[in-house]
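Computed from a prediction, not measured in an experiment: that's the story for all the values here. Values below: all heavy atoms of this structure, side chains included; hydrogens, waters and symmetry mates excluded.
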Amino acid sequence: MSNTFKVRVNGQHELTVDPSEGSSLLEAMEAAGLETRYHCRDGFCGACRTQVKTGTIAYINEPLAIVRPGDCLACCCVPTSDLDIDH
């Protein structure tokens with residue numbers, strides 16, 4: 001049995017993400033039809049940097065780009081709780 005989490009994006013859009021499906025947060029946003037920004041999809045460039053207002057994430061692959069406290073790289077993470085993010 002897997003856990004699903006609610007992700008609120010930019011205070012307007014809400015989607016449900018199942019981390020066990022193997023998709024990153026960025027891929028889940030794209031699947032929901034949300035406009036996203038990215039370049040490398042591997043945590044190298046930081047273009048997908050996203051502010052985490054509330055909630056927690058885990059990295060699928062440890063990012064090489066610098067990640068400031070309160071941010072995440074959506075291309076290589078999954079939620080571990082419900083999230084409220086600005087992307």
Exercise for the section: Answer yes or no: is there a donor N or O on one side and an acceptor on the other, between the side chain of Arg37 and the main chain of His87, under 3.5 Å? Expected result: yes
Problem - Flag, side chain of Ser81 to backbone of Thr56, donor-acceptor distance under 3.5 Å - result: yes
Fill in the blank from the handout: Distance col, row Cys75:SG vs His39:NE2, nearest 0.5 angstrom, shows 11.0 Å
Exercise for the section: Answer yes if the side chains of Thr16 and Thr4 hold a donor-acceptor pair under 3.5 Å, and no otherwise. Expected result: no
Handout entry: Distance in Å, Cys77 SG paired with Glu62 CD, rounded so as to fall on 0.5 Å steps
Key = 11.0 Å
Practice task
State, with a plain yes or no, whether a side-chain heavy atom of Glu35 is found less than 4.5 Å away from one of Glu30.
Solution key: no
Exercise for the section: Take atom NE2 of His13 as the centre, draw a 6.0 Å sphere, and report whether it contains more than 12 heavy atoms from other residues, nucleotides or ligands. Expected result: yes
Completion exercise
Tightest non-hydrogen contact, residues Cys45 and Ala65, listed as C-CB, 4.0 Å
Problem - Donor-acceptor contact present, side-chain Asn10 to main-chain Gln12, <3.5 Å - result: no
Handout entry: Pairwise distance CG(Asp42) to OG(Ser24) - rounded to 0.5 angstrom
Key = 10.0 Å
Exercise for the section: Might you point out which heavy atoms bring Glu14 and Lys6 nearest each other, and give the distance in Å? Expected result: OE2-CD, 3.6 Å
Exercise for the section: Please examine the side chains of Pro63 and Cys76, heavy atoms only from C-beta on, and report whether any two atoms are closer than 4.5 Å. Expected result: yes
Exercise for the section: Could you list who else is in Val7's hydrophobic cluster, with ILVMFWY side chains joined at under 4.5 Å, directly or through other members? Expected result: Val9, Leu15, Val17, Leu25, Leu26, Met29, Leu34, Tyr38, Val52, Ile57, Tyr59, Val67, Leu73, Leu83, Ile85
Completion exercise
Here the gap from Thr50 atom OG1 to Asp86 atom CG, rounded to the nearest 0.5 Å, amounts to 9.0 Å
Problem - Under 3.5 Å donor-acceptor, Arg49 side chain and Ile66 backbone - result: yes
Fill in the blank from the handout: CZ (Arg8) and CG (Asp84) are apart, to the nearest 0.5 Å, by 6.5 Å
